[in-house]
**Q** 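One structure coming up, written as structure tokens, with questions to follow.
All ligand and atom numbering here is 1-based and tracks the order in the structure. Hydrogens, waters and symmetry mates play no part in the numbers below; they use all other heavy atoms, side chains included. Residue numbers run from 1 in the order of the sequence given.
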Amino acid sequence: MSESLLIDRFGRAHDYLRISVTDQCNLRCVYCMPEEGMEFLSNDKVMSFDEIVAVVKAGAELGIRKLRITGGEPLVRKDIEVLIARLSAIPGIEDISLTTNGLLLERKADALHAAGLNRVNISLDTLDSSRFRMISRRGGLDQVLKGIEAASRVGFHPIKLNCVLLKGMNEDEIPDFLRMTLEHPLHVRFIEYMPIGHADDTWRSHYLPLQSVLDKAKELGYLVAKEERVKGNGPSEDFRIEGAVGTFGLIHPISDHFCKNCNRLRLTADGNLKPCLYWVDELNVRECASDPEALKAMFFRALDIKPENHEMAEKLWDAAQSHVPTDRRMSQIGG
Ligand code: SAM
Ligand code: SF4
């Protein structure tokens with residue numbers, strides 16, 4: 001990625017924008033939202049398709065090449081495929097992916113593929129339906145599995161499964177997820193539980209460093225080799241078990257953070273450009289959505305205020321951090 005003009009104070013070039021299209025969701029995952037007290041955006045606070053397209057056009061002129069559509073649950077946003085078709089027609093945009101909980105994917109897969117979506121990541125933290133109900137505070141594992149099949153049928157490739165590992169909740173399923181890669185052409189991404197908007201006791205008691213995945217693989221007698229980067233895998237460290245059809249990856253922002261290679265900006269559903277997932281800093285771009293030059297200036301301002309790194313690893317426990325951590329939850333930012 002050579003031609004991006006989006007270079008921050010630390011020399012990092014940015015070509016990737018993650019767009020949250022809604023903060024609404026049909027699940028209530030324990031690590032993402034509190035059980036009660038979430039306030040959702042009213043419709044008039046959510047970016048319109050025209051506004052999102054305007055922001056992406058400005059970004060694409062500066063070097064944004066890859067987009068990820070996320071949320072909340074992006075597939076609950078009405079006519080999401082219409083937005084994807086419009087984004088894929090923007091000159092400069094080369095790759096569009098989507099992160100979904102999979103519940104509506106069986107129904108939407110064909111339309112998403114036809115609209116120009118290239119890839120999907122599907123969240124799947126457990127293969128046990130009662131546990132799925134406990135983690136997501138709703139149900140629907142069968143529907144998610146049908147969504148994965150539909151994604152494969154329409155030809156999305158690679159298909160990645162996002163599995164947030166939670167101590168005492170699903171760590172005993174590491175072997176099942178590893179085994180899944182032996183026979184299926186899937187990329188299973190184990191993700192460390194991050195304290196986004198809630199560095200509290202829930203996080204402290206369920207955080208699990210991902211070294212445990214490699215330890216478990218060794219214990220099971222698997223020979224594991226590092227894998228060439230799987231397409232689109234920014235911060236993931238990738239591996240393959242000898243003889244396996246699929247691969248697995250580790251995303252460990254806390255035990256081994258990856259900020260020095262960060263190439264991404266985020267756009268929240270309410271129109272804030274966010275340089276770092278962890279900190280509070282964001283810039284509202286909605287006000288200037290009709291002015292392409294002002295939008296471009298906002299991209300540069302976002303880079304100017306982008307910190308060198310998050311401090312989830314080293315300073316999380318300190319009262320004094322270098323910036324103020326966000327109090328927004330993952331579903332409100334766009335994970
Ligand atoms: N609803 C969609 C889904 O679940 O895939 C997209 C939005 S969700 C916020 C995006 C990703 O963030 C999911 O893979 C989810 O597991 C992950 N996530 C949410 N909260 C997290 C946390 N506290 N730590 C690590 N990952 C988290
Ligand atoms: Fe919804 Fe995704 Fe958050 Fe789960 S992780 S509550 S599916 S936004």
**Q** With a 4.0 Å cut-off on N to O distance, would you call E149 and K146 a salt bridge?
**A** no

**Q** Quick one: do R328 and D23 make a salt bridge, cutoff under 4.0 Å?
**A** no

**Q** Under a 4.0 Å threshold between the charged nitrogen and the carboxylate oxygen, would K226 count as salt-bridged to E237?
**A** yes

**Q** What's within reach of atom 4 (Fe) of ligand 2, meaning protein N/O/S atoms under 2.8 Å?
**A** C29 SG

**Q** Hey, does G72 sit under 4.0 Å from ligand 1 if you only count heavy atoms?
**A** yes

**Q** Give the atom numbers and elements of ligand 1 that come within less than 4.0 Å of a heavy atom of G71.
**A** 7 (C), 9 (C)

**Q** Give a yes or no on whether a salt bridge exists between D304 and R301, defined as a side-chain N under 4.0 angstrom from a carboxylate O.
**A** no

**Q** Do NZ/NE/NH1/NH2 and the carboxylate oxygens of K306 and D281 come within less than 4.0 Å?
**A** no

**Q** Does any non-hydrogen side-chain atom of L166 lie less than 4.5 Å from one of L208?
**A** no

**Q** Between S123 and ligand 1, is there a nitrogen or oxygen pair with a distance under 3.5 Å?
**A** yes

**Q** Would you check if E171 and S212 make a side-chain contact, meaning some heavy-atom pair closer than 4.5 Å?
**A** no

**Q** Within the 4.0 Å heavy-atom shell around T100, which atoms of ligand 1 are there?
**A** 2 (C), 3 (C), 5 (O)

**Q** Are any non-hydrogen side-chain atoms of V144 and L105 less than 4.5 angstrom apart?
**A** no

**Q** Using a 4.0 Å cutoff against the non-hydrogen atoms of N162, which atoms of ligand 1 qualify?
**A** 14 (O)

**Q** Looking only at protein heavy atoms, which one is nearest to atom 19 (C) of ligand 1, and what is the separation?
**A** M330 CG, 3.4 Å

**Q** For a quick check under 3.5 Å, do D128 and S130 share a side-chain donor-acceptor pair by atom type?
**A** yes

**Q** Within less than 4.0 angstrom of ligand 1, does E192 place any heavy atom?
**A** yes

**Q** Would you say I196 touches ligand 1, if touching means a heavy atom closer than 4.0 Å?
**A** no

**Q** Judging by distance only, is a nitrogen or oxygen of Y31 under 3.5 angstrom from one on ligand 1?
**A** yes

**Q** Which ligand 1 atoms does T70 reach within 4.0 Å, using its non-hydrogen atoms?
**A** 6 (C), 7 (C)

**Q** Taking 4.0 angstrom as the limit, do R153 and D110 come out as a salt bridge?
**A** yes

**Q** What is the nearest protein non-hydrogen atom to atom 2 (C) of ligand 1, stated with its residue, atom name and distance?
**A** E73 OE1, 3.4 Å

**Q** Does ligand 2 have any atom that is closer than 4.0 Å to a heavy atom of G72?
**A** yes

**Q** For ligand 1, which atoms, with element, lie under 4.0 Å from some heavy atom of M194?
**A** 22 (C), 23 (N), 24 (N), 25 (C)

**Q** Can you tell me if S236 and D238 form a side-chain donor-acceptor pair at under 3.5 Å?
**A** yes

**Q** Let me see the working for R240 and T247 under side chain to side chain donor-acceptor pair (under 3.5 Å), right down to the final yes or no.
**A** CA-CA 5 Å; R240 185 186 297 271; T247 48; 5.3 Å; no

**Q** Suppose we measure from atom 26 (N) of ligand 1 to each protein heavy atom; which comes out shortest, and what is that distance?
**A** V164 CG2, 3.6 Å

**Q** Measure the acute angle between the ring planes of F156 and H113, then classify it against the limits of 30° and 60° as parallel, tilted or perpendicular.
**A** perpendicular

